[in-house]
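Values below: every heavy atom of this structure, side chains too, minus hydrogens, waters and symmetry copies. The structure presented is a predicted model; accordingly, all values stated were derived computationally and were not measured.
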Amino acid sequence: MARKAKLISTGEIVEVYADMDYHGNTTWLDTSTKTEYYPSELEFIPEDSKPISPAISLSQFTDEELKDELKRREKERRSRFPPNIRCRDCKHCIEGLTFKHQVIPTTICRMKPKPSQGPDRYYSTVCSYRACDKFEIK
């Protein structure tokens, strides 16, 4: 009987079955690749466990708790950069166009394309904005 297990080293989910050698030692063989695993390499997944859908798991929290979590994550993300890092310090902050018929260039972020306006159009930015998650130093 095959069982699902997670490899401790990589986190990959595999389906394995028990195999005993002539000394009575148990090893586990992958059903598809016939790779041999020792019990210490596997973390078995219970048969009755089902994946939880994100909608069900999010419904367990109040709106206020979810907002607080978003604020915490944003604060954590921003703490990776010094407080004085701005868009103007990013290599993706350049002069470019944002609309189809625009003639005079403005400051844009090359990492935020605007495909509805054309292949070479990007969302505009302000040089004094705080660095976003796409920030790379010049």
Side-chain angles (χ1 to χ4, degrees):
M1 180 174 109
R3 294 179 63 185
K4 289 192 180 211
K6 182 170 90 170
L7 293 175
I8 293 173
S9 60
T10 63
E12 179 184 356
I13 305 292
V14 292
E15 198 165 315
V16 293
Y17 63 93
D19 183 45
M20 291 184 102
D21 62 10
Y22 62 92
H23 293 291
N25 299 324
T26 303
T27 56
W28 294 87
L29 293 175
D30 188 337
T31 57
S32 59
T33 63
K34 304 299 182 208
T35 307
E36 189 174 292
Y37 299 108
Y38 291 103
S40 60
E41 297 177 290
L42 301 171
E43 182 180 313
F44 291 99
I45 299 171
E47 294 293 324
D48 61 345
S49 70
K50 296 177 183 171
I52 300 172
S53 72
I56 293 172
S57 63
L58 289 178
S59 66
Q60 297 173 359
F61 302 102
T62 65
D63 287 346
E64 198 60 39
E65 289 173 326
L66 293 173
K67 287 177 186 176
D68 290 343
E69 177 64 16
L70 286 174
K71 287 178 187 175
R72 184 196 65 77
R73 288 182 185 190
E74 178 65 16
K75 187 176 179 182
E76 181 181 307
R77 184 187 65 77
R78 288 192 181 270
S79 69
R80 291 185 293 163
F81 304 117
N84 59 349
I85 295 292
R86 304 289 178 190
C87 273
R88 65 178 164 257
D89 303 318
C90 179
K91 72 178 188 180
H92 303 297
C93 183
I94 59 170
E95 290 289 312
L97 304 173
T98 59
F99 298 104
K100 288 179 187 176
H101 305 294
Q102 186 176 358
V103 179
I104 300 171
T106 185
T107 308
I108 56 139
C109 179
R110 198 175 10 176
M111 292 301 288
K112 296 179 181 176
K114 202 174 193 181
S116 65
Q117 295 295 318
D120 59 341
R121 301 297 189 247
Y122 302 89
Y123 282 96
S124 63
T125 187
V126 176
C127 291
S128 60
Y129 279 176
R130 292 197 60 191
C132 70
D133 57 342
K134 296 169 179 19
F135 178 82
E136 291 182 37
I137 198 149
K138 286 184 180 178

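The two residues K6 and I13 come nearest to each other via the heavy atoms CB-CD1, 3.8 Å. Shown here for Q102 and T106, the closest heavy-atom pair between the two residues is NE2-CG2, 3.7 Å. In plain terms, the two heavy atoms of T31 and Y17 that are nearest each other are CG2-CD2, 3.6 Å. The heavy-atom pair separating D89 from N84 by the smallest distance is OD2-O, 3.9 Å. In terms of heavy atoms, C87 sits closest to R130 at SG-O, 4.1 Å.
Counting heavy atoms from C-beta outward, R3 and E15 have side chains that stay 4.5 Å or more apart. With a 4.5 Å cut-off on side-chain heavy atoms, I8 and L42 do not count as touching.
Y37 and F44 fall within a single hydrophobic cluster, where Ile, Leu, Val, Met, Phe, Trp and Tyr are joined by side-chain heavy atoms under 4.5 Å apart, directly or via other members.
Atom CZ in R121 sits 10.0 Å away from atom NZ in K100 (nearest 0.5 Å). For the atom pair SG of C93 and NZ of K138, the computed distance is 6.0 Å after rounding to the nearest 0.5 Å. Expressed to the nearest 0.5 Å, how far CD1 of I94 lies from CD1 of I108 amounts to 4.0 Å. The distance from the CZ atom of R110 to the OG1 atom of T125 is 13.5 Å, given to the nearest 0.5 Å. The structure places CD1 of I85 at 10.0 Å from SG of C90, a figure rounded to the nearest 0.5 Å. Taking OH of Y122 as the start and CE of M111 as the end, the distance is 10.0 Å to the nearest 0.5 Å.
With E69 as reference, R73 is the one residue of R73, K71, K67 to meet the side chain to side chain donor-acceptor pair (under 3.5 Å) rule.
In this structure, Y129 shares a hydrophobic cluster with V126, the cluster being traced through Ile, Leu, Val, Met, Phe, Trp and Tyr side chains under 4.5 angstrom apart.
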